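The model shown is predicted, which means the values in this text are computed figures rather than measured ones. Quick note on labels: first sequence line is chain A, next is B, and so on, each numbered from 1.
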Amino acid sequence: MIALENVSKSYPNSTGPVVKDLCLNVAPESLLVLLGESGCGKTTTLKMINRLVETSSGRITLAGEDIHALDPIDLRRRIGYAFQGIGLFPHMTVARNIAVVPELLEWPRKKIDERVDELLDMMGLPSNEFKSRFPSELSGGQQQRVGVARALAARSRLLLMDEPFGALDPITRDELQTELKTLQRTLGLTIVLVTHDVTEALLLADRIAVMKEGMLLAHDTPERLLRDPPHEYVKSLMQMPKRQAAQLARISGTSSE
Amino acid sequence: MSEALTQQLALLPDYLSRHLLLSVTALAVGIGLSLPLAFVTIRFRRLQGPVMMIASAIQTIPGLALLALMVPLLRQIGFLPAVIALILYSVLPVLRNTVTGIEEVDPNLIEAGRGLGMTPNQLLLRVQLPLAAPVIVAGIRTATVWVVGIATLSTPVGATSLGNYIFSGLQTQNYTAVSVGCFAAAALALTLDRLVRFIEIALARRSRRLVAVASTLAVFVLGIGLWPVMFAGSSQDGRLTAVIGTKTFTEQYILGAVIGEELSAQGFETRTLDSLGSTVAFDALVAGQIDAYVDYTGTIWANYMNRLGNPGREEIANQVDQWLAEQHGIELAARFGFENAYALAVTEANAESWNVRTIDDLVFRAPGLVMGGDYEFFGRPEWTALQESYGLQFQELVTMDSTLMYAAVAAGEVDVITAFSTDGRIVAFDLALLDDTRGALPPYDAVLLASPGLQARKPELFRALANFDGAIDADAMRAANQSVDLNGGTVLDAARELADQLLR
């Protein structure tokens with residue numbers, strides 16, 4: 001579905017490239033997680049896919065088409081985009097936020113209204129109750145659901161998500177992660193998701209791409225990365241949830257004595 | 001209600017309406033220019049610095065100066081120069097707030113908009129503008145209050161406004177007029193400010209009903225306010241019109257009113273443009289925007305002809321007449337028959353104790369004395385002539401409003417002033433005029449000047465103006481000035497009394 005071939009990005013005034021010679025393949029209807037610490041180049045990589053950031057060299061193709069041959073505006077309208085917390089427009093109601101891309105694509109009014117209702121129901125937000133609310137009147141989890149609905153509005157089959165659950169409390173996050181996975185499977189979505197949360201990556205991903213200092217260290221299924229990490233850094237990263245679980249077990253063990 | 005107040009309120013519909021028209025036109029055009037300009041500077045960042053600098057620089061020019069500068073620039077007086085100056089003033093707050101408002105929109109939202117596939121224009125219209133709206137509207141409200149306030153300064157460039165109350169009121173010490181003018185301007189500014197705020201709330205709530213109410217209210221306020229000026233011109237029934245200009249001091253207002261009354265009585269449709277700046281009046285006459293105004297031969301001699309010396313009253317009158325006709329085609333319609341000369345004045349008590357009766361006598365004491373002059377005097381060639389002829393050197397020169405000079409010298413706050421010889425306060429404050437034995441100051445015959453070609457265009461009007469030849473003597477003029485400046489009478493009453501005493 002998406003292929004990155006030797007993609008690099010450097011900025012004129014910075015020392016080294018932010019992304020170095022990256023090669024990645026995202027299979028259709030799969031969920032790829034770009035995992036790494038902040039500053040590792042994962043968000044830049046994501047933004048190069050919808051050309052919010054332009055590549056310095058290399059090639060990105062979308063279903064075989066070179067994205068540089070496409071109009072960036074059209075490209076972005078074809079790709080759903082959701083990111084952390086505040087991406088909703090505060091001056092628009094929930095319904096208008098969701099309708100942004102269909103409106104840009106000049107869908108007929110009736111079709112837009114139906115799509116908004118459909119998406120709100122899909123997200124578990126009853127349409128008649130939520131559609132005329134403003135984002136400030138929603139909880140964090142509700143806002144993020146609306147964000148996902150907006151990204152899906154124009155029936156995009158490809159979704160880019162930048163730390164979509166980063167600002168949520170753990171319980172809501174858990175809930176939304178499960179919902180996203182279900183959604184991805186039922187709708188057959190291709191998703192590229194950026195996170196620094198290893199547990200989230202392990203739970204959601206079909207494949208994980210681990211990045212460090214602009215370079216791809218590993219690209220494989222969660223199982224294989226856990227079992228046979230190709231790199232010391234990747235190993236310690238993948239072990240982290242287990243280590244934390246062991247620590248938790250120790251704490252609960254001592255406290256019960 | 002007191003008669004003084006009633007008299008002032010009768011002028012309100014005309015003044016208020018013209019003031020509103022000026023302000024609203026300036027604001028509409030100003031906003032129409034500033035918003036696109038702001039968008040351009042946001043798109044082309046390199047322009048932002050220079051554009052902001054120019055807008056700020058304009059803002060630092062004092063209001064009165066910017067307005068007055070428009071007159072020679074446009075070669076005309078009245079609505080156009082005033083409205084252009086006000087437009088320039090309205091640009092900065094709207095421009096700055098629009099740029100700031102748009103640039104302060106959360107960058108995450110901009111990125112969200114771009115990521116969803118908005119073009120730069122869609123981003124501006126759908127995201128940046130709505131989110132910046134409160135800041136932009138705040139700028140519009142600032143501009144509204146500024147423009148309504150500064151519009152009071154359009155009076156001296158010949159655009160009637162609420163400033164007419166303030167300028168003439170301050171000069172003739174008619175504080176009722178000043179208060180009415182200030183109050184009306186403040187009320188107008190607040191009303192328009194509230195109106196803009198209301199429209200903003202209506203738009204922000206996206207309530208059709210509120211928007212309808214707000215726009216109806218706006219149309220209603222503007223409709224009522226602009227009614228008088230919109231239908232002002234419709235009463236012309238083929239009568240001959242006459243436009244008389246006046247400068248900003250009591251004698252000018254009285255003479256303007258006398259001429260106006262006389263012409264109206266003879267069936268002319270008369271309008272006076274009060275409180276014009278000194279050179280504005282002359283320029284307006286040359287351009288034919290006023291038909292006539294009163295000036296003084298010495299002023300023209302020294303300031304326009306750049307002549308020094310004093311060849312005598314008759315000689316100067318003849319040369320001025322000839323120069324005006326040759327250089328500008330201006331016709332000297334009448335010489336009233338009195339002089340209003342610049343003269344140095346001290347209190348009678350000081351004249352006595354210092355034994356000073358002529359300017360010559362003063363030279364020796366001058367280095368220890370403070371001299372007060374009106375706004376123009378120390379910049380006029382007459383002052384240079386006085387200094388050169390007598391070698392006058394004062395300890396300090398103080399510029400002040402001409403109406404305050406007399407009280408200041410009487411109270412000893414200054415020692416010498418430049419008095420006007422027909423001013424009623426010379427007698428009232430017991431001042432002594434010092435003889436100009438060396439003839440440094442020219443004579444200042446009051447003359448009625450007619451715009452170029454008036455005699456041919458409106459012979460009836462020219463004949464009516466010529467009727468004022470020799471009609472007023474210095475005593476009558478001084479008494480009329482005194483009744484306003486000293487006894488608190490109104491200009492109109494003084495003018496009517498003077499009209500009864502015209503020498504024919």
Next item on the list: Let me see the working for R114(B) and Y81(A) under side chain to side chain contact (heavy atoms under 4.5 Å, CB included), right down to the final yes or no.
Entry: CA-CA 10 Å; R114(B) 289 182 61 216; Y81(A) 184 54; over 6 Å; no
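Along residues 111-134 of chain A, no residue comes nearer than 4.5 angstrom to chain B, judged on non-hydrogen atoms. Residues of residues 65-76 of chain A lying under 4.5 angstrom from chain B, judged on non-hydrogen atoms, are I73(A), R76(A) by number. Among residues 101-109 of chain A, the residues having any heavy atom closer than 4.5 Å to a heavy atom of chain B are, in sequence order, V101(A), E103(A), L104(A).
Within the structure, side-chain hydrogen bond (donor to acceptor under 3.5 Å, both in side chains) pairs that include any residue of residues 53-64 of chain B do not occur (at least two apart or interchain).
Interface residue R96(A): only side-chain heavy atoms are found under 4.5 Å from chain B.
Taking all atoms of both residues into account, the shortest heavy-atom contact from G117(B) to R77(A) is O-NE, 2.7 Å. The two residues G87(A) and A112(B) come nearest to each other via the heavy atoms O-CB, 3.6 Å. Of all heavy-atom pairs between L109(B) and P90(A), the closest is CD1-CD, 3.6 Å.
For E213(A), the CD atom sits in a loose shell: 12 or fewer heavy atoms of surrounding residues, nucleotides or ligands are nearer than 6.0 Å. Residue-environment remark: NE2 (H196(A)) stays at or below the threshold of 12 foreign heavy atoms within 6.0 Å.
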